[in-house]
Amino acid sequence: MAQYYLNHSYRQTRMHLESCLTVLFAFTSCFHVNWHNKSWISSIHTGFRMSPPSHTAALSIPPHTLTRLAREWLAEDTPNFDPAGVCVGSQEVEARLLCKIPHSVLAGIPFFTAVFTEVGCTVDWVYQEGAEIGPDAITLTAVVRGPARCLLLGERPALNCLARASGIATRCSQLQAMATAKGWHGEVAGTRKTTPGFRVVEKYAMLVGGVSMHRQDLSGMVMLKDNHVWASGSITQAVKAARSVCGFSSKIEVECRSSEEGREAAAAGADIVMLDNFQPQELHVAARALKEEFPTSLIEASGGVTPENLAMYFSPHVDIISLGCITQGCPVVDFSLKVQKPVAHSSLQE
């Protein structure tokens, strides 16, 4: 009888603790973990269910695209047998997603979740898409639950997506903050310099980070670069030929290496004049002259722009500044997924 009351009291206490945790997590937007206190982390039963509102950008990704990408990534990582799956079996486990770089911007929730959904696991998020994680050195970001072997099948593809997307979103957020601080009216933009097969993730991360994706692919907008012009014979001829195909529904942008080429492109009907590889002072002079003569043309600055010199390109006459470094050489955010050991309560149940 004494054992019955002891177990009953334990169950009541645990239920009360879980109820308190549920209320706590419902009223807080984040939950910071001190990773050095590992015993404390392992002792809490995380029964919370947080499904943060989707970032607006997430609504632009069709569900079938998420499913297709998740299946491709999983098939690439495990094309046939998974011998390590024999070691862990299919018992239900819980894993904590930890962010190890403070002040990172979280991006990639739809892709991370799609991978684990495909292998029969669930993900409960502590942070919303686009939120800044931290400030602790190690921060609990989500909890993944499911069969052990399935959870480990999804671990690396899901982490790769989240690390890459969050790295890009973090850089984009920093660049946009610079533009906002300077009161610049234009748009910071990415480029088509993306990883083959991973463009959807990288372009999506730009949106989460607050910058423009630029064109998504060759079909999205006509961009006539130097090779197009040389093959066509002139900027005017290239614009004329492109317009005959794309009609009114697509913009035409022309890459220009001088003020003279910029004037020719605008006069030929280009919607956007890209001043490519101009030094900042040269850019300001050329952009002002073009805006005075062709006020409806958009002026883009590109080539040689980095996070360190971005502010030098801000101008009231420049509408867009594009940077390849948003995706090329961009640092990733360090995430890890730690499976939790089962909590033993033998001392209470003996």
Side-chain angles (χ1 to χ4, degrees), residues 55 57 99-108 127 129-135 137 139 141 160-196 198-216 223 225 253 255-257 272-288 298-335:
H55 190 282
C99 178
K100 301 179 180 180
I101 301 183
H103 307 295
S104 298
V105 175
L106 178 62
Y127 281 83
E129 187 82 318
E132 183 178 294
I133 303 174
T139 304
T141 307
N160 286 348
C161 291
L162 201 67
R164 179 73 172 143
S166 296
I168 292 172
T170 300
R171 170 164 286 182
C172 289
S173 178
Q174 294 166 350
L175 296 175
Q176 186 56 48
M178 293 172 61
T180 301
K182 293 291 185 179
W184 183 56
H185 74 286
E187 292 193 44
V188 177
T191 70
R192 204 163 49 88
K193 296 176 181 177
T194 54
T195 307
F198 212 58
R199 182 174 295 175
V200 172
V201 177
E202 294 173 349
K203 289 288 190 178
Y204 168 82
M206 295 179 197
L207 292 179
V208 175
V211 307
S212 171
M213 293 188 295
H214 211 287
R215 61 174 178 166
Q216 297 181 45
M223 182 184 289
K225 302 175 75 67
E253 178 169 6
E255 180 184 271
C256 303
R257 299 166 299 162
I272 307 170
V273 176
M274 177 197 287
L275 300 178
D276 189 42
N277 284 308
F278 278 58
Q279 292 301 312
Q281 192 55 43
E282 297 174 338
L283 170 73
H284 300 323
V285 174
R288 179 173 181 173
L298 294 176
I299 306 298
E300 177 177 341
S302 188
V305 187
T306 66
E308 291 73 27
N309 65 18
L310 173 63
M312 299 174 66
Y313 289 83
F314 294 148
S315 165
H317 310 293
V318 173
D319 304 291
I320 307 152
I321 300 177
S322 55
L323 303 87
C325 65
I326 283 178
T327 49
Q328 289 191 325
C330 182
V332 299
V333 173
D334 187 8
F335 288 96

Verify, without hydrogens or angle tests, whether [X] (side chain) and [Y] (backbone) share a donor-acceptor contact under 3.5 angstrom.
X: Lys203; Y: Met213; answer: yes
X: Thr327; Y: Lys193; answer: yes
X: Ser212; Y: Val188; answer: no
X: Arg288; Y: His317; answer: no
X: Asp319; Y: Ile272; answer: no
X: Thr170; Y: Ser166; answer: yes

So which heavy atom on [X] is nearest to which on [Y], and how close?
X: Thr195; Y: Glu202; value: OG1-OE2, 2.7 Å
X: Phe314; Y: His284; value: O-CE1, 3.4 Å
X: Ile320; Y: Ala189; value: CG2-CB, 4.0 Å
X: Ala287; Y: Ile299; value: CB-CG2, 4.0 Å
X: Ala57; Y: Val208; value: CB-CG2, 4.4 Å
X: Tyr313; Y: Leu283; value: CD2-CD2, 3.5 Å

Is there a side-chain contact between [X] and [Y] (heavy atoms, below 4.5 Å)?
X: Val318; Y: Phe278; result: no
X: Glu253; Y: Arg215; result: no
X: Ser322; Y: Val305; result: no
X: Val211; Y: Met206; result: yes

Drop me the distance from [X]'s [atom1] to [Y]'s [atom2], to the nearest 0.5 angstrom.
X: Lys182; Y: Ser315; atom1: NZ; atom2: OG; result: 13.5 Å
X: Leu175; Y: Ile321; atom1: CG; atom2: CD1; result: 10.0 Å
X: Ile326; Y: Ile168; atom1: CD1; atom2: CD1; result: 8.5 Å
X: Ser302; Y: Leu275; atom1: OG; atom2: CG; result: 10.0 Å
X: Lys225; Y: Cys256; atom1: NZ; atom2: SG; result: 11.0 Å
X: Leu323; Y: Cys330; atom1: CG; atom2: SG; result: 11.0 Å

query = For Trp184 and Leu310, what are the C-alpha separation, side-chain angles and deciding distance, and is it a side chain to side chain contact (heavy atoms under 4.5 Å, CB included)?
reply = CA-CA 11 Å; Trp184 183 56; Leu310 173 63; over 6 Å; no
task = For Arg192, look at atom CZ and say whether over 12 heavy atoms of other residues, nucleotides or ligands are found less than 6.0 Å away.
result =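 Yes.
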query = Is it true that atom CE of Met312 has more than 12 heavy atoms of other residues, nucleotides or ligands lying nearer than 6.0 Å?
reply =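 Counting neighbours around CE of Met312, 12 or fewer heavy atoms of other residues, nucleotides or ligands fall under 6.0 Å, so no.
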